Amino acid sequence: MRPPVVVSDPAVLADRLHAWRSVGSSVGLVPTMGNLHEGHLGLVRSAAASVRHVIVSIFVNPTQFGPNEDFARYPRTLEHDLAQLTGSGCDLVWAPSVATMYPLGPGQGFGVSVPAELGNILCGDARPGHFDGVASVVLRLFNQVGPDMAFFGEKDFQQLRIIEHMVNDLSLSVRIKALPTVRETDGLAMSSRNGYLDSGQRRQAPLLHRVLSQCVARLDAGQDWTAVQTEGLAELATAGFDVDYLALCDAETLAGPDPRRPMRLLVAARLGSTRLIDNLAVQPRGTVGTS
Ligand code: PAF
């Protein structure tokens with residue numbers, strides 16, 4: 001089987017899209033920064049089941065990294081990614097240059113300013129400007145590809161909600177499809193950053209998911225959130241995590257939780273210099289079941 005074709009020239013992308021569109025074919029986009037894992041491949045398979053042609057974008061977006069973050073060392077693994085995508089249902093890899101994405105330079109020119117109540121909380125608190133960078137690059141990708149559907153993982157839950165709100169607020173004609181987090185067998189959410197963990201940290205890392213699951217069970221049993229949060233934070237600290245936040249939010253708005261509505265429990269914590277995030281659904285009080 002042949003790997004998908006890699007396109008970096010916007011004119012070539014436009015030609016390909018025109019050919020597909022002229023025969024009425026639908027197009028799906030899976031935006032990524034590469035270093036693909038099973039989580040990404042699940043998105044690609046879901047896309048292939050929903051649309052005629054699947055484009056995977058691979059672009060390590062400089063504007064979503066802070067000055068002291070891992071932009072320079074973020075894994076760039078195109079050959080490996082192409083091997084992974086072979087036979088996955090991906091037709092084309094869109095791998096634009098920085099100059100294509102940001103003709104005036106990264107952080108220059110037009111961009112999306114995410115409302116503070118969505119973008120400055122949770123991960124946005126520790127990573128100022130991160131979600132402006134994410135939204136700005138995703139909007140550019142949507143404009144370049146014009147997908148009928150775009151596919152995102154729930155692992156980056158705040159990112160997912162911000163993109164959904166952007167699509168709604170700016171009346172973008174793309175349907176966002178969210179897929180559940182894909183986990184290693186020990187529960188660790190798959191992430192390109194897991195590769196930064198040394199073997200000791202890797203053994204500790206699944207505890208993040210375990211503590212989240214325990215917190216959800218306690219909430220389901222009717223325990224008070226403040227008590228659950230205190231216990232969860234203590235357990236994570238004991239296991240060596242440096243916690244940025246352990247927060248319970250409204251699953252739709254990310255605002256403070258209303259126990260009568262679906263909620264989301266989100267965590268971000270560092271093991272050494274590696275920042276891990278995860279989240280789980282919390283059902284409204286008085287209902288049963290988790291996802
Ligand atoms: O989730 C990611 O990999 C990135 O944030 C995204 C959506 C591709 C934008 O750069």
Side-chain angles (χ1 to χ4, degrees), residues 6 8 13 28-44 46-47 54-66 69-78 80-81 84-85 90 92-102 106-107 111-114 118-119 122-124 126-145 147 149-167 170 172 174-182 189-196 254 266 268 274-279:
V6 182
S8 299
L13 176 69
L29 174 67
V30 181
T32 82
M33 298 206 297
N35 196 227
L36 303 181
H37 51 65
E38 197 45 46
H40 297 113
L41 298 180
L43 297 176
V44 175
S46 171
V54 178
I55 296 183
V56 173
S57 64
I58 297 184
F59 179 66
V60 184
N61 172 34
T63 67
Q64 69 187 76
F65 290 81
E69 293 185 357
D70 55 344
F71 175 66
R73 72 169 178 141
Y74 197 87
R76 287 149 172 94
T77 55
L78 186 61
H80 168 263
D81 294 343
Q84 297 263 89
L85 288 171
C90 167
L92 184 151
V93 169
W94 170 230
S97 66
V98 172
T100 295
M101 295 309 282
Y102 297 107
V112 178
S113 172
V114 176
L118 286 172
L122 303 170
C123 284
R127 307 184 69 190
H130 168 70
F131 289 111
D132 287 355
V134 169
S136 298
V137 83
V138 170
L139 181 60
R140 281 164 162 79
L141 292 167
F142 286 172
N143 286 336
Q144 290 157 347
V145 174
M149 294 179 77
F151 298 77
F152 293 87
E154 286 185 344
K155 198 221 136 213
D156 295 291
F157 194 78
Q158 185 177 9
Q159 165 175 289
L160 168 67
R161 284 292 179 258
I162 287 172
I163 289 163
E164 286 171 340
H165 282 271
M166 175 175 81
V167 164
L170 299 181
L172 306 180
V174 52
R175 260 176 58 207
I176 303 299
K177 174 101 169 105
L179 281 130
T181 302
V182 178
M190 288 196 185
S191 163
S192 301
R193 291 194 167 98
N194 292 349
Y196 296 153
L254 304 181
L266 301 103
T274 305
R275 191 168 181 278
L276 301 174
I277 58 173
D278 203 346
N279 65 86

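If you're wondering where the values come from, they're calculated on a predicted model, not measured in any experiment. In what follows, every heavy atom counts, from backbone to side chain, and hydrogens, waters and symmetry copies are set aside. First listed ligand is number 1; within each ligand, the first listed atom is number 1.
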Next on the checklist: Return the closest protein heavy atom for atom 5 (O) of ligand 1 as residue, atom name and distance.
Outcome noted: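 Result for atom 5 (O) of ligand 1: Q159 OE1, 2.7 Å.
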Checklist entry - Distance-only, no hydrogens or angles: does the D81 side chain make a donor-acceptor pair with backbone N or O of L36 under 3.5 Å? => result yes
Checklist entry - Could R140 and F59 be counted as a cation-pi pair, given that NZ or CZ must be under 6.0 Å from the ring centre and within 45° of the axis? => result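 Checked: cation-pi criterion not met.
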Checklist entry - Is there a side-chain contact between V56 and L43, using heavy atoms and a 4.5 Å cut-off? => result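 A side-chain contact under 4.5 Å is absent here.
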[X] heavy atoms, cut-off 4.0 Å: which ligand 1 atoms fall inside?
{"X": "P31", "answer": "8 (C)"}
{"X": "V137", "answer": "9 (C), 10 (O)"}
{"X": "Q64", "answer": "4 (C), 5 (O), 9 (C), 10 (O)"}

Item to check | Proximity of T32 to ligand 1 by residue part, where a heavy atom lies under 4.0 Å | outcome: backbone
Item to check | Enclosure of R175 CZ (heavy-atom neighbours >12, cutoff 6.0 Å) | outcome: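 Atom CZ in R175 is not packed in, count stays at 12 or less.
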Checklist entry - Is there a donor-acceptor contact under 3.5 Å linking the side chains of N61 and Y102? => result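 Yes, a side-chain donor-acceptor pair sits under 3.5 Å.
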